[in-house]
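Side chains are part of it too, since the values below use all heavy atoms of this structure and drop only hydrogens, waters and symmetry mates.
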Amino acid sequence: IASNGKTIDFPLTFNGVGGTWQLQDALTMGSTRTLTHTNGTIDLNGKTLTVGTAYTTAAGTKNLTFNAGTLVCPTASTTAFNNAQPTNYTTTAGTGVGYISMTGATAKTFVGGGSTFNCTLQQAGAGALTITGSNTFTAISNSVQPTTFTFTASTTQTVTNWSVSGTSGNLVTINSSTAGTRATLSKSSGTVSSDYLSIQDSAATGGATWYAGANSTNVSNNTGWIFTAPPGGNNFFSFLTN
């Protein structure tokens, strides 16, 4: 698919059993248009695909391959990314780092459907990002602050990497959709190093050590988070003598 810099101002449906579409340049849809992914593979091929109102899945066998490409979901919507039909839905990392970038300036929702996303889910808009379903991600990150991640109560997000931090005076809020009921973040190993977070109703688990940072706020009902900076490394000097 080569759009030659033109905005595709009509809905797009990808529905080809066993087929593959590969982007040859950036593809941008009209702001009121929806992309429906039913059957076949969409290969971003290192390019950026910007949908209109939503990226949504339909019943079929479908795959999203990144190859260092980015899917941008720009709308403030309860279904900005809507994995409505997660059965037989897969994602492939390919080469490089792929992203699903949620850029809405006001509240938007990532409907994960309990799938595995071999990419980084990036909160790239100031509006709160709600993530539904128990999903698996290569990484969750943010590129703006202040902002909010709201996870559906009693769900678990499993990550290989967690790269979420705020800055002084611009905290990133981590909370649950239901006050008093935790949502879980799970990482199997290693050390998480965040800072300038405001955390409520969050359980951090899975085997990793979760450091919220010395400048983060422990609001209430959290488990597994350590509200200090991770311990620093030590310097060792070795002297050889004859």
Side-chain angles (χ1 to χ4, degrees), residues 73-83 99-115 117 119-188 190-230:
C73 300
T75 60
S77 166
T78 57
T79 55
F81 181 99
N82 185 15
N83 188 14
Y99 291 87
I100 297 174
S101 186
M102 309 293 289
T103 62
T106 54
K108 65 272 189 183
T109 300
F110 178 94
V111 180
S115 292
F117 297 91
C119 65
T120 296
L121 176 63
Q122 181 184 62
Q123 163 61 312
L129 172 61
T130 296
I131 299 172
T132 70
S134 292
N135 310 293
T136 298
F137 299 96
T138 300
I140 294 177
S141 71
N142 68 295
S143 61
V144 296
Q145 55 276 128
T147 192
T148 298
F149 288 86
T150 298
F151 300 99
T152 304
S154 301
T155 61
T156 298
Q157 310 305 318
T158 301
V159 299
T160 302
N161 296 293
W162 170 266
S163 302
V164 176
S165 286
T167 59
S168 179
N170 299 286
L171 300 184
V172 174
T173 297
I174 307 296
N175 60 22
S176 165
S177 62
T178 303
T181 302
R182 296 186 189 103
T184 298
L185 296 169
S186 179
K187 184 178 185 298
S188 63
T191 298
V192 169
S193 179
S194 290
D195 208 0
Y196 294 101
L197 304 180
S198 175
I199 307 176
Q200 182 175 12
D201 298 320
S202 177
T205 187
T209 306
W210 291 76
Y211 287 95
N215 299 293
S216 293
T217 302
N218 183 0
V219 178
S220 63
N221 193 33
N222 299 305
T223 61
W225 288 98
I226 303 170
F227 286 85
T228 63

For [X] and [Y], which heavy atoms make the closest approach, and how far apart are they?
X	Y	answer
Asp201	Gly180	OD2-N, 3.0 Å
Ala212	Ile199	CB-CD1, 3.8 Å
Asn161	Lys187	CA-CE, 4.1 Å
Ala153	Thr181	CB-CG2, 3.7 Å
Thr75	Lys108	O-CB, 3.5 Å
Thr132	Thr152	CA-OG1, 3.1 Å

**OP:** Say whether Ser202 and Asn222, considering side chains only, have a donor N or O and an acceptor N or O under 3.5 Å apart.
**Re:** no
Original post:
Using a distance-only test with no angle check, is there a side-chain donor-acceptor pair under 3.5 angstrom linking Ser115 and Asn83?
Top reply: yes
Does [X] use its side chain to pair, donor to acceptor, with the backbone of [Y] at less than 3.5 Å?
X	Y	result
Thr79	Val111	no
Trp210	Thr205	yes
Gln157	Gly133	yes
Thr130	Thr109	no

Close side-chain approach of [X] and [Y], heavy atoms under 4.5 Å:
X	Y	result
Phe117	Thr138	no
Leu185	Val159	no
Val219	Asn175	no
Ser176	Arg182	no
Ser198	Thr173	yes

Original post:
With respect to Phe137, which candidate in Phe149, Phe151, Trp162, Phe110 satisfies the ring pair (Phe, Tyr, Trp, His ring centres under 6.0 Å) definition?
Top reply: Phe110
**OP:** Only one of Asp195, Leu197, Thr167 passes side chain to side chain contact (heavy atoms under 4.5 Å, CB included) with Asn215; say which it is.
**Re:** Asp195
Measure the [atom1]-[atom2] distance between [X] and [Y] for me, rounded to the nearest 0.5 Å.
X	Y	atom1	atom2	value
Thr120	Ile100	OG1	CD1	9.5 Å
Thr191	Ile226	OG1	CD1	8.5 Å
Gln123	Ile140	CD	CD1	11.0 Å

**OP:** Could you please spell out the steps behind the side chain to side chain contact (heavy atoms under 4.5 Å, CB included) verdict for Tyr211 and Val192?
**Re:** CA-CA 6 Å; Tyr211 287 95; Val192 169; 5.9 Å; no
Original post:
Checking side chain to side chain contact (heavy atoms under 4.5 Å, CB included) for the pair Leu121/Ile131: CA distance, chi angles, key distance, verdict?
Top reply: CA-CA 10 Å; Leu121 176 63; Ile131 299 172; 3.6 Å; yes
